[in-house]
Amino acid sequence: MAILQILEFPDSRLRKIAAPVTVFDARLHDLIDNMLETMYEAQGIGLAATQVNVHKRLLVLDVSEEKNSPQVFINPEFQVIDREPKEYDEGCLSVPGFYEAVSRPKAIKVDSLDRDGAPFQIEAEGILAVCIQHEIDHLDGKLFVDYLSTLKRQRIRQKLEKEHKKTA
Ligand code: GNR
Ligand code: NI
């Protein structure tokens, strides 16, 4: 297993649109395992392949209290089942240190494949619905900062660029 490097805003690679997964082999399983290890190590509740510079439609998450319920979604698609906007303070491993309120539909139905390519469907609300929508945004090159005002987004960008110059 390995810890992967997480890209940080405003890295342009976070803007790529991920392509569907077509091959379910040992290499994919290695990637999934490494993404889960990277997510747990970074103390995140989710991680999209885009964030580790792999532009395939794949995400992992674990929203459990005990951090013992990993979930894998491949080629996920969602439909809104309750579009009542629900606000949640979002953070992102690719935007470290910043948390801002984002509104998203309250409940969704997700169609996905599992790690062996078998289809499954779930309904999600609460933090699980937030996390899945946040991760699928990553696969489409979107970040939670895109929902903020230009001013807030530019401030975050400036602060992170300063950090990156210090540590590069
Ligand atoms: O760890 C994470 N926490 C989080 C909190 C509120 C809303 C979304 C998230 S996802 C984030 C991990 C991450 O960046 N996934 O892409
Ligand atoms: Ni994120």
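Every number for a ligand or one of its atoms is a count from 1 in the order of the listing. Just so it is clear, the model here is predicted, and its values are computed rather than measured. FYI, the numbering just counts along the sequence from 1.
Taking a 6.0 Å sphere around NZ of K67, one finds it holds more than 12 heavy atoms contributed by other residues, nucleotides or ligands. The environment of E87 atom CD is dense: over 12 non-hydrogen atoms of other residues, nucleotides or ligands sit within 6.0 angstrom.
Of the protein's non-hydrogen atoms, the one nearest atom 13 (C) of ligand 1 is G46 O, 3.4 Å. Counting only heavy atoms of the protein, atom 15 (N) of ligand 1 lies nearest to E135 OE2, 2.6 Å. Summary of contacts: the protein heavy atom closest to atom 2 (C) of ligand 1 is I45 CG1, 3.5 Å. Counting only heavy atoms of the protein, atom 14 (O) of ligand 1 lies nearest to L93 N, 2.8 Å.
One finds no salt bridge joining R15 and D140 here, because no Lys/Arg side-chain nitrogen approaches an Asp/Glu carboxylate oxygen to under 4.0 Å. For R157 and E161, the salt-bridge test passes: some basic side-chain N is under 4.0 Å from an acidic carboxylate O. Ion pairing of D137 with R104 is present here, as a side-chain N (NZ or NE/NH1/NH2) and a carboxylate O approach within less than 4.0 Å.
When heavy-atom distances to ligand 1 are checked against a 4.0 Å cut-off, F144 has no atom that comes that close, whether in backbone or side chain. The backbone and the side chain of E90 each have at least one atom closer than 4.0 Å to an atom of ligand 1 (non-hydrogen atoms only).
Nearest N/O/S atom of H134 relative to the Ni ion (ligand 2): this is NE2. Of all N/O/S atoms in H138, NE2 sits nearest the Ni ion (ligand 2).
Contact annotation: D89 has at least one heavy atom less than 4.0 Å from an atom of ligand 1.
Taking distance alone, with nitrogen or oxygen atoms compared against 3.5 Å, Q43 stays at or beyond that limit from ligand 1. Considering backbone and side-chain N/O atoms, Q51 comes within less than 3.5 Å of an N/O atom of ligand 1.
Applying the 4.0 Å criterion to heavy atoms of G44 picks out, from ligand 1, the atoms 1 (O). Within ligand 1, the atoms closer than 4.0 Å to a non-hydrogen atom of H138 are 16 (O), numbered from 1 in the order shown.
Distance alone, capped at 3.5 Å, is enough to place a donor-acceptor pair between the D89 side chain and the A101 backbone. For R57 (side chain) and I74 (main-chain N/O), no donor-acceptor pair under 3.5 Å exists by modelled atom type.
The nearest non-hydrogen atom to atom 9 (C) of ligand 1, considering only G91, A48, C92, comes from G91.
Judged purely by distance below 3.5 Å, without hydrogens or angles, the side chains of S94 and E8 never pair a donor atom with an acceptor atom.
Grouping the Ile, Leu, Val, Met, Phe, Trp and Tyr side chains by contacts below 4.5 angstrom, directly or via other members, places V63 apart from I32.
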